[in-house]
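Below is one structure, written out as structure tokens; the observations come after it.
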Protein chains: 2
Amino acid sequence: MPPLKRPSAPRDTKSPASNPASELPHEATKAMPIALLRAREALMSRFRPMLAEHDFTSQQWRVIRLLNEHSTLDAAQLAEKAFILPPSLTRILANLETRDLVTRVQSSSDRRRYLFTLTAPGEEAFRKISPDRIKVYKEIEAYFGKEKINLLLGLLDELAQF
Amino acid sequence: MPPLKRPSAPRDTKSPASNPASELPHEATKAMPIALLRAREALMSRFRPMLAEHDFTSQQWRVIRLLNEHSTLDAAQLAEKAFILPPSLTRILANLETRDLVTRVQSSSDRRRYLFTLTAPGEEAFRKISPDRIKVYKEIEAYFGKEKINLLLGLLDELAQF
DNA sequence: ACAATTTAATTAACGTGTTAACATTATAAC
DNA sequence: GTTATAATGTTAACACGTTAATTAAATTGT
């Protein structure tokens with residue numbers, strides 16, 4: 001039987017005594033969105049300063065990296081692979097074009113589409129940053145271990161299907 | 001010895017043949033930040049429309065939820081628990097105060113600090129949304145299973161320590 | 001008590017996230 | 001072939017993320 005309420009007693013939570021945390025069906029699930037955010041931030045806080053030194057945001061870098069891998073992509077492909085919504089991507093690409101890191105050409109077969117490619121300075125920026133980036137990957141692996149990383153990736157991919 | 005380059009050959013990637021994906025030490029690690037993003041988005045895409053019906057963003061809702069649990073918190077405590085940076089929190093609290101969902105009182109012992117509390121309409125909003133929210137939690141559990149959720153949470157917490 | 005330092009919260013500036021509406025071009029229906 | 005529909009990318013509006021600078025108040029050292 002739960003103890004009687006003492007309304008005059010000091011307290012710093014409102015957790016109802018009739019519904020302790022251990023019985024709630026979704027206590028763990030409730031924490032998932034923030035746990036994902038915190039884990040991601042733990043990683044990004046390593047990459048961000050390094051990218052900032054070269055005047056890149058992580059999203060700008062994701063676009064650069066993808067264009068380095070695929071040589072040419074249209075906006076829809078970039079949006080899907082970088083997981084960036086079209087309105088954000090429009091702004092990011094405009095920024096990178098202004099800085100002469102990326103160029104666009106209109107597709108001749110479908111004039112609604114634009115094909116994006118790294119410029120020479122864009123490729124140079126990629127090569128310049130890459131070593132630092134790999135250093136961080138290795139630190140993560142050293143801390144966490146490849147097995148756990150793959151286990152985690154599997155779970156995340158499955159959750160992403162939801 | 002790597003094959004000769006064929007500059008005229010069609011291709012859609014630039015992956016160097018001398019360094020196939022299976023040998024790269026960080027292929028999995030490289031995918032972690034986006035995998036975390038995608039997993040989180042899978043969850044948030046369920047919550048967002050429901051919150052939007054009541055004119056809440058997920059961040060605003062996080063603040064409401066925390067004030068419901070803890071009854072009164074200062075900005076620093078809210079920032080830490082909701083994982084929201086102080087400048088964002090300032091704006092969010094200003095918004096919620098304008099809507100009379102939250103009130104602030106200056107701490108008498110430390111006049112730099114402000115203590116925030118839900119108003120009656122704030123508590124009402126919380127109660128109104130809560131059932132929908134729990135419904136989504138249960139859907140997630142039904143899809144993913146509690147064991148996997150707890151396993152995933154453990155891995156995420158460990159990664160967050162990095 | 002007083003100056004220097006530290007801390008809590010805010011402001012400023014810029015970039016991104018999110019939704020809705022829009023212009024342009026392709027495709028489908030008829 | 002013309003009209004209706006769908007798809008690609010952009011614009012607009014608002015909220016949040018991120019870093020640096022700022023204000024006000026507390027704390028420390030002397």
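Note on naming: letters A, B, ... go to the chains in the order of the sequence lines (proteins, then strands), and numbering restarts at 1 for each one. What you see is a predicted model, and the numbers here were worked out from it, not measured in a lab.
For B:M44 and D:dC16, the CE to P distance is 12 Å, given to the nearest whole Å. Distance, A:Y114 OH to D:dA7 C1': 14 Å, rounded to whole Å. Following rounding to the nearest Å, A:D55 (CG) and D:dT18 (P) show an atom-to-atom distance of 17 Å. As a whole-Å value, the separation of B:R48 CZ from D:dC16 P is 12 Å. Remark: P of D:dT10 and CG of A:L78 are 11 Å apart, rounded to the nearest angstrom. As rounded to whole Å, 13 Å separates atom P of D:dG17 from atom CG of B:L37. Taking atom CD on A:Q60 and atom C1' on D:dG17, their separation rounds to 14 Å, with Å as the unit. Spacing between atom CG of A:L115 and atom P of D:dT8 amounts to 13 Å, rounded to whole angstrom units.
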query = side chain to side chain donor-acceptor pair (under 3.5 Å) between A:R133 and A:S130: does it pass, once the steps are laid out?
reply = CA-CA 5 Å; A:R133 196 178 136 241; A:S130 244; 3.1 Å; yes
inquiry  = For A:N95 and A:R91: C-alpha separation, side-chain torsions, deciding distance, then whether side chain to side chain donor-acceptor pair (under 3.5 Å) applies.
reply    = CA-CA 6 Å; A:N95 176 314; A:R91 290 176 299 214; over 6 Å; no
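Within the 3.5 Å criterion, the main-chain N or O of B:Y114 finds no donor-acceptor partner in the side chain of B:S107. Side-chain N or O atoms of B:Q77 include one that pairs as donor or acceptor with a backbone N or O of B:D74 at under 3.5 Å. In this structure a side-chain-to-backbone donor-acceptor pair under 3.5 Å is present from B:R40 to A:P33.
Taking CZ of B:F162 as the start and CD1 of A:I140 as the end, the distance is 5.0 Å to the nearest 0.5 Å.
A salt bridge links A:E69 to A:R65: one of the charged nitrogens lies within less than 4.0 Å of a carboxylate oxygen.
Within the structure, every side-chain polar atom (N or O) of B:R113 is placed at least 4.0 Å from both OP1 and OP2 of D:dA25. A:Q106 has no side-chain polar atom (N or O) that falls below the 4.0 Å cut-off from OP1 or OP2 of D:dG9. A sub-4.0 Å separation between OP1 or OP2 of D:dT8 and a side-chain N or O of A:Q77 is absent.
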Which atom pairs, one a donor and one an acceptor, fall under 3.5 Å between side chains of residues 147-155 of chain B and the rest of the protein, sequence neighbours left out?
from, atom 1, to, atom 2, distance (Å)
B:K148, NZ, A:E158, OE1, 3.0
B:K148, NZ, A:E158, OE2, 2.7
B:N150, ND2, B:K146, O, 3.2

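Toward the 5' end of DNA chain C, the nearer of the two residues A:S109 and B:D74, judged by each one's closest nucleotide, is B:D74. Looking at which nucleotide of DNA chain D each of A:P49 and A:A76 is closest to, the 5′-most match is held by A:A76. Closest-nucleotide positions on DNA chain D for A:A75 and B:D110 were compared, and the one nearer the 5' end corresponds to A:A75.
Among the heavy atoms of the strands lying under 4.0 Å from A:E41 are primed sugar atoms or P, OP1, OP2 only; no base atom is included. Within 4.0 Å of B:R62, counting heavy atoms only, lies no atom of the nucleic acid at all.
Taking every nucleotide of DNA chain C with any atom under 4.0 Å from a non-hydrogen atom of chain A, the first and last of them, 5' to 3', are C:dG15 to C:dA26.
The stretch residues 83-95 of chain B comes close to DNA chain C through B:P86, B:P87, B:T90, B:R91, each having a heavy atom under 4.0 Å from the strand.
Around atom CD of B:E124, no more than 12 heavy atoms belonging to other residues, nucleotides or ligands sit under 6.0 Å away.
Side-chain atoms of A:L67 and A:L96, non-hydrogen and from C-beta on, never get closer than 4.5 Å to each other.
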